[in-house]
Number of protein chains: 2
Amino acid sequence: MPTQTFFNLPEAKRQALLDAAIDEFADNSYNHASISRIVARLGIAKGSIYQYFQDKQDLYLYLLDLVIQEKLALLHGVQSPDPQMNIFAFLRRLLRSSADFNFTRPRLAQVAYRAIYDDLPFHDETIARMRAASATYITQLVEQGISQGNIAPEVDPELAVFVISTLSADFGKFIFARLGVDPRTLDGENPLRQHLPEIEQLFDQLVTILEQGLGNRQAGATPGRESQGATDDTR
Amino acid sequence: MPTQTFFNLPEAKRQALLDAAIDEFADNSYNHASISRIVARLGIAKGSIYQYFQDKQDLYLYLLDLVIQEKLALLHGVQSPDPQMNIFAFLRRLLRSSADFNFTRPRLAQVAYRAIYDDLPFHDETIARMRAASATYITQLVEQGISQGNIAPEVDPELAVFVISTLSADFGKFIFARLGVDPRTLDGENPLRQHLPEIEQLFDQLVTILEQGLGNRQAGATPGRESQGATDDTR
DNA sequence: CGGTCATATGACTGTGCGGTCACATGACCG
DNA sequence: CGGTCATGTGACCGCACAGTCATATGACCG
């Protein structure tokens with residue numbers, strides 16, 4: 001937990017510190033990220049950081065909390081208007097929101113990405129929770145999909161969760177690579193609004209692939225490819 | 001490149017050194033892996049390592065070459081008996097071989113895994129090649145699948161490559177997690193032969209999902225789920 | 001003004017690292 | 001034997017790091 005001193009800081013300075021820290025932890029693994037560099041970039045004394053945070057881990061975990069809070073707020077904003085809605089349509093919305101996060105907060109998203117794949121000296125402490133949170137979220141979705149008949153009953157549920165979460169997690173990276181955009185270039189305002197149609201199309205295709213691959217063909221609840229991209233009322 | 005001295009070493013010592021190095025680079029990221037620890041574990045002097053390798057990077061890249069060679073040898077061993085074979089049947093064989101590598105050489109596989117996801121100080125030098133090699137391999141497969149009509153023509157080829165390679169790359173991890181096995185526990189002989197039937201079944205399911213998701217339904221070249229797992233003559 | 005107190009400072013400590021090098025060892029040879 | 005040469009050694013160097021602490025600052029107050 002940050003100290004009271006940190007919260008007493010003038011807004012601008014506190015934000016500058018967070019931005020610098022996010023940049024550092026986005027560009028470097030936890031072990032390689034350097035407090036010395038952060039304070040050098042900010043032009044403040046090393047000791048100051050230790051007025052605000054107990055240690056490096058304290059600072060890092062605070063940043064990670066920011067990420068989790070922002071992401072959860074985002075996901076909870078994606079409400080299914082109809083609880084009976086085909087889960088693939090719902091998934092399409094989730095993926096779109098998730099990708100929005102990558103576009104609007106690419107540096108924060110990078111910190112989150114590292115949190116999952118870096119080997120932190122305290123990996124089990126909070127990180128596993130991130131994966132778990134995301135996994136349970138999708139697990140619920142899959143269970144709902146099975147009980148509603150959207151997902152083929154012969155598909156192993158854990159395998160379905162694996163397929164969906166793995167593809168969801170890496171899809172953002174794929175989009176960046178596909179568009180030839182470097183995530184470290186853009187922050188906030190970005191030049192990829194022009195690509196939105198292409199991105200939308202890729203989204204629809206991915207969800208269609210998932211729907212085809214995992215969906216229940218017998219139930220008739222899952223339209224085939226012939227209605228591709230036209231099943232989501234948000235279009 | 002290792003020095004001549006390294007190759008002059010007695011077989012046992014050379015292998016012990018490689019094993020220790022593989023363990024170190026499997027357990028730690030490149031930056032965190034420590035030459036000092038390697039020599040301590042081996043009970044040799046630090047200077048000795050520098051008789052064999054120019055520096056840490058030289059040692060690491062040599063290990064990586066070992067991984068790539070072993071993996072490529074493995075993949076080239078998977079020959080399609082029939083070049084017209086449904087690419088999903090072929091893919092099933094590739095995945096199975098790939099997973100075998102994870103089981104028989106888990107430490108080496110872990111080094112390879114880290115090579116892809118770690119942020120190395122020389123990331124572009126050789127690492128991108130690993131991804132690229134794997135990607136072009138799958139790209140060829142996808143192109144073949146499209147031209148043979150196994151893959152639906154309306155699917156974006158790059159997206160298909162993304163889906164296949166992402167799932168392939170992480171499937172090994174999923175298997176370990178699913179079975180509750182810690183990759184760092186086993187080496188060589190392992191206690192998961194007993195799970196082989198379950199693993200086989202998951203393989204078949206994954207390939208079926210891919211086939212359903214990406215396959216061409218019009219051409220009739222891609223049997224549906226009703227023939228699940230029975231299309232591969234290796235069964 | 002002097003006094004106080006939250007805040008800021010940066011020289012300093014201890015630690016571990018990659019890499020070096022002057023020297024030791026010992027197998028082999030004439 | 002002495003000499004040679006490939007190989008082995010570990011104290012040592014420079015460096016970067018996280019974290020400490022005695023000291024400095026300056027806003028505010030009576």
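Reminder, nothing fancy here: chain letters follow the sequence lines and each chain counts from 1. Values in this document were obtained by computation on a predicted structure and should not be read as measured data.
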Using whole Å, what does the distance between atom [atom2] of nucleotide [N] and atom [atom1] of [X] come to?
X	N	atom1	atom2	answer
A:Asn31	D:dA16	CG	P	18 Å
B:Leu42	D:dG10	CG	P	13 Å
A:Asp55	D:dA18	CG	P	11 Å
A:Tyr60	D:dA18	OH	P	14 Å
A:Ile38	D:dC17	CD1	P	11 Å
B:Leu17	D:dT9	CG	P	12 Å
A:Gln54	D:dA18	CD	C1'	14 Å
A:Asn28	D:dA16	CG	C1'	13 Å

List the atom pairs, donor and acceptor, that lie under 3.5 Å between side-chain atoms in residues 4-13 of chain B and the rest of the protein, sequence neighbours left out.
{"residue": "B:Gln4", "atom": "NE2", "partner": "B:Asn8", "partner atom": "OD1", "Å": "3.0"}
{"residue": "B:Glu11", "atom": "OE1", "partner": "B:Arg14", "partner atom": "NH2", "Å": "3.1"}

Hey, are B:Asp100 and B:Arg105 close enough for a salt bridge, meaning a charged N less than 4.0 Å from a carboxylate O?
no

Before accepting this row, confirm whether a basic side-chain N of the pair B:Asp27/B:Arg107 lies closer than 4.0 Å to the acidic partner's carboxylate O.
yes

Given side chains that start at C-beta, do those of B:Phe174 and B:Leu167 come closer than 4.5 Å, heavy atoms only?
no

Out of C:dG19, C:dC17, D:dC17, minimum distance to the side chain of B:Arg37 belongs to C:dC17

Ring pair (Phe, Tyr, Trp, His ring centres under 6.0 Å) partner of A:Phe171, the single match among A:Phe203, A:Phe101, A:Phe176
A:Phe203

Over all strands shown, is A:Ala33 touching base, sugar-phosphate only, or nothing at heavy-atom distances under 4.0 angstrom?
sugar-phosphate

Sequence-distant partners of B:Glu143, salt bridge (charged side-chain N to carboxylate O under 4.0 Å, His left out), two or more places apart:
none

Below 4.0 Å: OP1/OP2 of D:dA18 and any side-chain N or O of A:Ser34:
yes

Under 4.0 Å protein heavy-atom contacts per nucleotide of nucleotides 5-10 of chain C, with B for base, S for backbone only and - for none:
--SBBB

Please say whether the positively charged group of B:Lys56, taken as NZ for Lys or CZ for Arg, lies over the ring of B:Phe25, i.e. under 6.0 angstrom from the six-membered ring centre and within 45 degrees of the axis.
no

Work out how much the helix from C:dC1-D:dG30 to C:dG30-D:dC1 bends between its end axes, five pairs an end, to the nearest 10 degrees.
30°

Under the side-chain contact (heavy atoms from CB on, under 4.5 Å) test, residues paired with A:Asp58 that sit two or more places apart:
A:Phe53, A:Gln54, A:Asp55

Residues that A:Asp170 engages under side-chain contact (heavy atoms from CB on, under 4.5 Å), provided they are two or more places apart:
A:Tyr113, A:Tyr117, B:Tyr117, B:Phe162, B:Thr166, B:Asp170

